[in-house]
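First the structure, in the form of structure tokens, and then the observations on it.
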Amino acid sequence: MNNTIVKLMRILQEVSLLDSAAAQIKIIVDSISAAVGSDVCSLYRADANGDMVLLASHGFSVAEKVCLPSGKGLVGLIARQKHVLNIADALNHPEFFFVADSNESRFQGFCGVPLIHNGKVIGVLVVQSEMNERFGDETEAFLVTLASQLSMILSSLPLLIDSDMAVNLHLNGVSGAAGIGIGSTRMCGSEDLGSVADALSQDPEGSIRQWKELLDLVRSEIAAEKAMLSDSLSDEITGIFDAYEMIVSDKSLSDRVEKELHAGNWLPGALRKSIFYFADLFESADDPYLSARHEDILHLGQKLYRAWQSMSNSGDRELEEIDRKVILVGKKISVSDIARVPREFLAGIVCFEGSSLAHTAVLANALGIPAVMGVDEYSGFITNEMLIVNGNDGIVIVHPGKLVAKQYSRMVRDDQSLKKSLESLKNLPAKTRDGQRIVLFANTGLQADIEPGLQAGAEGIGLYRTEIPFMIRDSFPGEEEQLAVYQKVFDAYAGKPVYMRTLDIGGDKQLPYFPIHGESNPALGWRGIRFSLDNVQLLMTQVRAMIRAAGGSESLHILLPMISCTEELNAFIVLLEDACDQLCHEGVAIVKPKLGIMVEVPAAISQLVFWKDKLDFVSVGSNDLSQYLLALDRDNGRVAKRYDHVHPAVLHEINRTVCIARQCELALGVCGEMASDPVAIVLLTGMGVKQLSMSAAKLPRAKALIRSIEYSWASKLFHEVERLDNAADIRAFVMAELQRETGWNS
Ligand code: PEP
Ligand code: MG
């Protein structure tokens with residue numbers, strides 16, 4: 001059976017690459033039936049009402065579509081009990097439900113397992129046999145193991161496979177940038193053919209025509225390249241062009257691509273699949289010559305793909321004429337993908353990879369484009385089909401029904417009119433109705449973010465993530481390069497405080513030119529200040545650049561990420577003194593920067609009393625603080641929904657930090673995502689937090705909220721919330737009270 005598992009895992013992987021959902025399902029049931037030797041294998045999928053729809057079956061013949069009412073029959077029993085059922089005599093089971101006009105009366109042995117995704121039953125897998133016997137324990141264990149894999153595949157398939165009816169299929173990801181976007185799908189390739197996603201084309205015939213043009217184009221490109229080089233290079237080397245020419249003219253490649261195109265895949269998806277199919281085939285050949293040819297195939301694939309990209313880009317003129325909103329969808333979305341679409345037509349971004357801190361997310365935030373990252377991979381996207389991106393909740397809705405589309409359109413309109421009405425608040429202070437002043441800062445890291453922050457009325461920069469300028473380069477930037485970048489920030493925010501954080505890489509933030517490998521637990525590994533203190537030359541360069549960029553002003557506040565112990569803080573203080581001495585000796589006019597730490601490692605909270613004389617301020621990094629308190633990675637789709645920064649333990653620890661900071665006379669702000677969440681804003685205000693920092697796009701709403709509440713009310717509310725033991729109740733309670741008090745609508 002172990003071999004069977006390996007075999008089936010392979011089938012499942014291959015299946016997940018198939019485009020046609022119906023074909024995927026059919027292969028699954030046929031293969032399972034063959035693997036366990038059953039007469040029947042059926043796969044049921046729960047629809048929106050919980051009814052079980054038979055998606056495909058091997059060996060079970062039915063006259064028409066089968067849909068078992070919710071809870072009905074043995075399938076319903078399995079779904080209710082969320083438990084496997086393995087019995088010898090299904091026909092005499094009290095809950096057996098006979099499907100009319102079927103051959104079901106022949107099958108007695110029955111084993112069914114629930115398919116569970118995110119805690120919910122989304123389907124049931126059934127095998128049946130003509131024998132009056134239970135299936136063996138080994139088969140049962142195998143089906144249970146398989147079910148967990150299968151449920152992942154099933155969850156990414158449309159609810160109604162054979163129909164193109166709108167079904168409001170929800171795909172989950174994490175919020176990359178807030179806001180709601182509605183538009184038509186525009187698939188984006190990346191630079192690399194291997195990263196191209198599958199998508200459905202609306203015009204397979206057009207794709208086939210395009211494929212033929214592409215072949216002609218690449219054939220003539222190869223001939224031209226060969227002619228150009230044949231004088232100067234040996235035949236042995238120019239022979240590579242013959243190999244390309246041979247592959248490109250090979251009928252089996254064309255046949256395979258065309259088969260994929262007929263099945264509905266878009267051209268880059270069809271090309272990726274076909275090229276990788278042949279490359280794998282060659283690689284596994286015993287003959288070393290043939291095996292080495294797989295590289296040629298991959299190179300040719302990349303060449304064809306580049307040619308396709310330039311062919312499509314010459315259609316950019318067409319793009320400029322587009323008169324409707326577009327949503328970019330792809331594994332990775334590059335800056336140039338974004339730049340190709342006129343800003344007014346770019347309604348959203350959907351990325352299968354990446355976290356809320358990925359470049360694409362940062363850029364989307366800066367530009368105010370709703371984005372969802374790390375979305376469940378799904379092969380049913382259709383080019384030019386309507387799509388909804390809900391960047392607030394990290395959800396993408398495919399095939400939206402009329403009603404849902406209407407609701408979302410209304411939300412977009414409301415959002416736009418809210419934005420307009422908020423513009424008038426720009427120069428008004430963020431002050432509660434009873435006079436508590438809250439300072440609002442912007443989080444930034446990109447040049448593109450600087451101006452929007454000022455436009456939104458930011459009173460300074462509360463968190464400048466210096467890792468972003470490091471991430472978008474090919475090597476560590478030197479002192480002069482950093483100086484130029486930081487100076488722009490100080491110039492734009494002249495006279496206002498700027499909190500610059502030292503390099504915070506590691507964990508989910510990797511530098512392309514300095515990848516940190518081999519850590520089994522990167523979140524607890526070499527990151528933030530730990531990395532910087534071990535690479536003290538980089539830290540010294542950075543600190544010198546920051547101090548010089550501040551140009552003798554009082555603006556610079558240096559913020560240290562991931563501080564967890566006294567030794568780290570002391571080591572930095574020595575380095576800071578050293579940097580100041582060096583610059584003084586060099587004759588640079590400096591002002592010693594203010595120093596603070598991020599409170600994001602829980603250990604820092606109880607250490608604050610020891611550090612109070614060494615620090616000027618603290619900034620609560622609620623993203624990491626919640627991650628470490630809850631042992632939850634919010635960028636991991638499997639657990640992200642459990643992550644909530646209003647979890648009672650997080651609130652308790654933040655309130656403790658606020659109290660300790662007050663006793664120690666340390667200024668305190670909050671700069672994680674929490675600072676822009678309306679429920680959290682109320683609670684933080686109630687705790688007495690007086691400084692919040694968030695992305696520019698979220699500032700106006702936060703200000704409007706603060707101006708609508710009373711500090712005394714928020715403070716009372718926070719104490720009431722301290723009696724609640726879970727985040728969901730806390731959210732519901734605060735929202736209800738907020739609505740009652742101010743009429744605020746989420
Ligand atoms: C945080 O952890 O809350 C924070 C602001 O830092 P980052 O999100 O950059 O890790
Ligand atoms: Mg952090």
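All figures in this text were calculated on a predicted structure; none of them were measured in a lab. Just so you know, ligand 1 is whichever comes first in the structure, and atom 1 is the first atom listed for that ligand.
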Exercise for review: Any chance you could measure Ile563, atom CD1, to Leu569, atom CG, to the nearest 0.5 Å?
Suggested key: 5.5 Å

Exercise for review: Compute the centroid of each ring, for Phe470 and then for Phe514, and state whether the two points are separated by less than 6.0 Å.
Suggested key: no

Exercise for review: For residues Asn655 and Glu722, determine if any side-chain heavy atom of one lies less than 4.5 Å from a side-chain heavy atom of the other.
Suggested key: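 They are in side-chain contact.
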
Check your understanding: Do Tyr464 and Val485 have side chains that get closer than 4.5 Å, going by heavy atoms?
Key ->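 They are in contact (side-chain heavy atoms under 4.5 Å apart), so the answer is yes.
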
Where ligand 1 meets [X] - atom numbers and elements under 4.0 angstrom, heavy-atom basis:
X: Asp624; result: 1 (C), 2 (O), 3 (O), 10 (O)
X: Gly672; result: 3 (O), 5 (C)
X: Cys671; result: 5 (C)
X: Glu600; result: 1 (C), 2 (O), 6 (O)

Check your understanding: Among all residues two or more places apart in sequence or in another chain, which pass the side chain to side chain contact (heavy atoms under 4.5 Å, CB included) test with Asn172?
Key -> Asn118, Asp376, Ile395

Review point. With only distance considered, is Val620 within less than 3.5 Å of ligand 1 through an N or O on each side?
Key: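 Not met; the criterion fails.
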
Check your understanding: Does the side chain of Gln436 pick up a donor-acceptor pair with the side chain of Thr685 at under 3.5 Å?
Key ->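 Judged by distance alone, the side chains do not pair up.
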
Practice item. Measure Arg501 to ligand 1 on non-hydrogen atoms and call it side chain, backbone, both or neither using the 4.0 Å cut-off. Key: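 Side chain only.
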
Which atom pairs, donor and acceptor, lie under 3.5 Å between side-chain atoms of residues 595-611 and protein residues at least two apart or in another chain?
residue	atom	partner	partner atom	Å
Glu600	OE2	Met562	N	2.8
Trp611	NE1	Thr566	OG1	3.0

Exercise for review: Closest by any non-hydrogen atom to atom 4 (C) of ligand 1: pick that one out of Arg527, Met562, Glu673, Met598.
Suggested key: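 Residue with the shortest heavy-atom distance to the ligand atom: Met598.
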
**Study point:** From the candidates Leu463, Val599, Asn623, the one that places a heavy atom nearest atom 1 (C) of ligand 1
**Key:**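 Considering heavy atoms of Leu463, Val599, Asn623, the nearest to atom 1 (C) of ligand 1 sits in Asn623.
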
Review point. Can Glu459 and Arg437 be said to form a salt bridge (charged side-chain N to carboxylate O under 4.0 Å, His left out), step by step?
Key: CA-CA 12 Å; Glu459 299 172 69; Arg437 179 75 166 85; 2.6 Å; yes

Review point. How many N, O or S atoms of the protein are nearer than 2.8 Å to the Mg ion (ligand 2)?
Key: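 Atoms of protein N, O or S type lying less than 2.8 Å from the Mg ion (ligand 2) total 2.
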
Exercise for review: Provide the closest heavy-atom pair for Lys496 versus Ala458 in the form atom of the first, atom of the second, distance.
Suggested key: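 Closest approach of Lys496 to Ala458: CE-O, 4.0 Å.
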
Distance-only donor-acceptor hits, side chain of residues 662-683, under 3.5 Å, sequence neighbours excluded:
residue	atom	partner	partner atom	Å
Arg662	NH2	Met687	O	3.0
Glu673	OE1	Lys698	NZ	3.3
Ser676	OG	Glu673	O	3.0
Asp677	OD1	Val679	N	3.1
Asp677	OD2	His645	NE2	2.9
Asp677	OD2	Arg731	NH1	3.2
Asp677	OD2	Arg731	NH2	2.7

